[in-house]
2 protein chains.
Amino acid sequence: MAATPRGAGGRPRSAQRAAAPLMERRADARRNIASILDAAVLLLSCDADASVADIAKAAGVGRVTLYGHFSTRADLVDAVLTRTVEQADATLDATDTAGDPRQALTRLVGASWQIVHQFRSVLQAAQRELPAERIRAVHDRILRRVQTIIDRGRQAGVFRDDLPEEWLVTVVFSLMHAAAEDSAAGALDTDDAARIIAATLLAALTAPGATVPTVNP
Amino acid sequence: MAATPRGAGGRPRSAQRAAAPLMERRADARRNIASILDAAVLLLSCDADASVADIAKAAGVGRVTLYGHFSTRADLVDAVLTRTVEQADATLDATDTAGDPRQALTRLVGASWQIVHQFRSVLQAAQRELPAERIRAVHDRILRRVQTIIDRGRQAGVFRDDLPEEWLVTVVFSLMHAAAEDSAAGALDTDDAARIIAATLLAALTAPGATVPTVNP
DNA sequence: ACTAACTTGAACATGCCTGTTCGGGTTAAA
DNA sequence: TTTAACCCGAACAGGCATGTTCAAGTTAGT
């Protein structure tokens with residue numbers, strides 16, 4: 001279902017699509033998809049259960065058209081999530097994760113913070129409407145990134161080895177999201193958040209008996 | 001509205017209630033309220049958006065009766081939240097929070113863990129259906145408990161002083177909830193969770209330059 | 001026995017959201 | 001100009017949840 005978008009009239013189209021010149025025939029479609037996704041991100045960022053009708057209206061597009069591209073609400077949310085995560089992943093690709101694991105983590109937090117903070121509510125919507133396993137799968141690459149750094153830190157002896165690695169990863173994500181909530185509620189200075197998160201995480205990841213490092217901006 | 005429960009027939013009753021013997025006239029009502037609350041906790045613990053109808057059925061009570069006591073769904077959720085928090089508060093009252101702040105925190109985490117773990121989903125439901133300010137108000141006493149310990153720790157020089165206190169409190173709650181989620185998802189050993197949370201928190205609350213303490217069971 | 005307090009299932013009114021269908025546009029390639 | 005591919009608003013169908021109302025019990029005090 002998700003893979004067979006159809007026009008409002010209900011004509012089939014995937015088969016004929018093979019011809020080369022047709023690929024450019026209607027670039028509008030892709031433009032529409034883009035605006036829908038944009039609008040969806042925008043609305044879902046404010047209200048995790050904005051209706052499909054609202055999203056269509058905000059996208060300046062008919063509800064029917066929307067359903068033409070995303071045959072179900074879950075499809076739409078999934079697409080939004082995927083795009084968001086992909087963007088995030090691209091941003092994170094530009095972040096240097098080599099060198100001292102502590103500094104690498106600090107840099108990663110700095111880069112991630114903006115994203116998490118911005119798309120907090122989208123993630124929330126996805127979490128509520130998509131199967132948990134799907135969320136996991138989409139997050140996999142980002143998750144692995146954190147895991148790698150933690151791993152390196154453990155082997156280098158600068159991160160603690162006495163707790164399950166999975167848990168440490170959870171701690172990283174959990175604090176980011178908590179900060180995002182607090183920031184949205186006005187209880188935490190948004191501009192200072194990255195520093196605060198990093199400082200907390202570095203301490204949390206330090207092994208008992210070791211000395212907590214200071215953060216460098 | 002919330003303060004004027006009425007029978008299904010719609011007869012007024014609050015005024016006549018003043019007479020002494022009438023207080024015991026119908027203890028069923030209170031028994032019913034109790035079963036409703038019990039059932040609500042039970043269902044909401046599994047599914048944060050169980051319907052009122054489901055809850056009534058699980059309580060072995062007519063839907064109308066339920067609406068007689070809680071005139072709206074929000075009312076019910078609020079009552080459930082209040083009762084849960086009150087129970088939690090009572091449990092926490094029995095916990096010794098004197099002495100070394102680090103040990104006090106460890107004990108508090110141990111006592112809280114069971115509660116958070118058990119009522120995770122209830123909290124989630126409340127968070128979604130009640131105004132944020134109300135949640136704050138209800139949580140106030142528990143929150144203050146944590147805050148007090150952190151405060152004492154800071155003054156004693158064993159907890160960090162370089163981050164906002166509000167944030168440190170957030171960290172405590174955030175890690176508890178994250179652990180509850182992980183535990184529910186099977187990614188974290190429930191019996192070991194309290195220790196892991198405490199170990200993480202102690203490290204996170206340690207000041208840069210200081211040495212991370214080891215946990216004692 | 002009488003009655004007030006309380007309970008009940010059935011049924012109704014509303015409202016909101018999802019997903020579909022219809023009939024009629026628009027645009028650009030052929 | 002024809003036509004395929006796409007777009008639109010309006011309107012319908014169905015579901016599910018919240019509250020309300022009704023007419024008929026039940027139970028415990030008096």
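Here is how names work: the chains are called A, B, and so on, in the same order as the sequence lines, proteins then strands, and each is numbered from 1.
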Between D:dT18, C:dT21, C:dT18, which one does the side chain of A:V64 approach most closely?
-> C:dT21

Measure from the side-chain N and O atoms of B:S121 to the backbone N and O of B:L44, and report whether any donor-acceptor pair falls under 3.5 Å.
-> yes

Going by number, which of residues 34-49 of chain B have a non-hydrogen atom under 4.0 Å from DNA chain D?
-> none

Rounded distance in Å - CG (B:D75) to P (D:dT20) = 11 Å

Would you say the side-chain atoms of B:W167 and A:T200 include a donor-acceptor pair closer than 3.5 Å?
-> yes

Contact nearer the 5' end of DNA chain C, comparing A:T72 with B:G62 = B:G62

Options C:dC17, C:dT7, D:dC8, nucleotide nearest the side-chain atoms of A:T65 | D:dC8

Checking salt bridge (Lys or Arg N to Asp or Glu O under 4.0 Å) for the pair A:D140/A:R136: CA distance, chi angles, key distance, verdict?
-> CA-CA 6 Å; A:D140 189 59; A:R136 271 273 155 180; over 6 Å; no

Comparing A:L66 and A:R63 on DNA chain D - which has the more 5′ nearest nucleotide = A:L66

Considering just the side-chain nitrogens and oxygens of A:N32, establish if one lies under 4.0 Å of OP1 or OP2 belonging to D:dC6.
-> no

Report the C-alpha separation of A:R195 and A:D192 in whole Å, then their side-chain angles, then the decisive distance to 0.1 Å, and conclude whether the salt bridge (Lys or Arg N to Asp or Glu O under 4.0 Å) test is met.
-> CA-CA 6 Å; A:R195 181 188 69 85; A:D192 208 22; 3.0 Å; yes

Among the candidates C:dT18, D:dA17, C:dA10, find the nucleotide nearest to the side-chain atoms of A:Y67.
-> C:dT18

In whole Å, what is the span from the CZ atom of A:R31 to the C1' atom of D:dA5?
-> 15 Å

Rounding to a whole Å, what distance do you find between B:R73:CZ and C:dT14:C1'?
-> 18 Å

For the side chain to side chain contact (heavy atoms under 4.5 Å, CB included) test, which of B:I33, B:L76, B:N32 pairs with B:L66?
-> B:L76

Given C:dT20, D:dT20, C:dT7, which nucleotide is nearest the side-chain atoms of B:H69?
-> C:dT7

B:D49/B:R73 ion pair, N-O < 4.0 Å = no

Provide, to the nearest angstrom, the distance between the CZ atom belonging to A:F70 and the P atom belonging to C:dT20.
-> 15 Å

Taking atom C1' of C:dC16 as reference, at what distance in whole Å does atom CG of A:D54 sit?
-> 11 Å

Go through the steps to decide whether A:R83 and A:D78 satisfy the test salt bridge (Lys or Arg N to Asp or Glu O under 4.0 Å), and finish with yes or no.
-> CA-CA 9 Å; A:R83 203 184 67 158; A:D78 191 292; over 6 Å; no

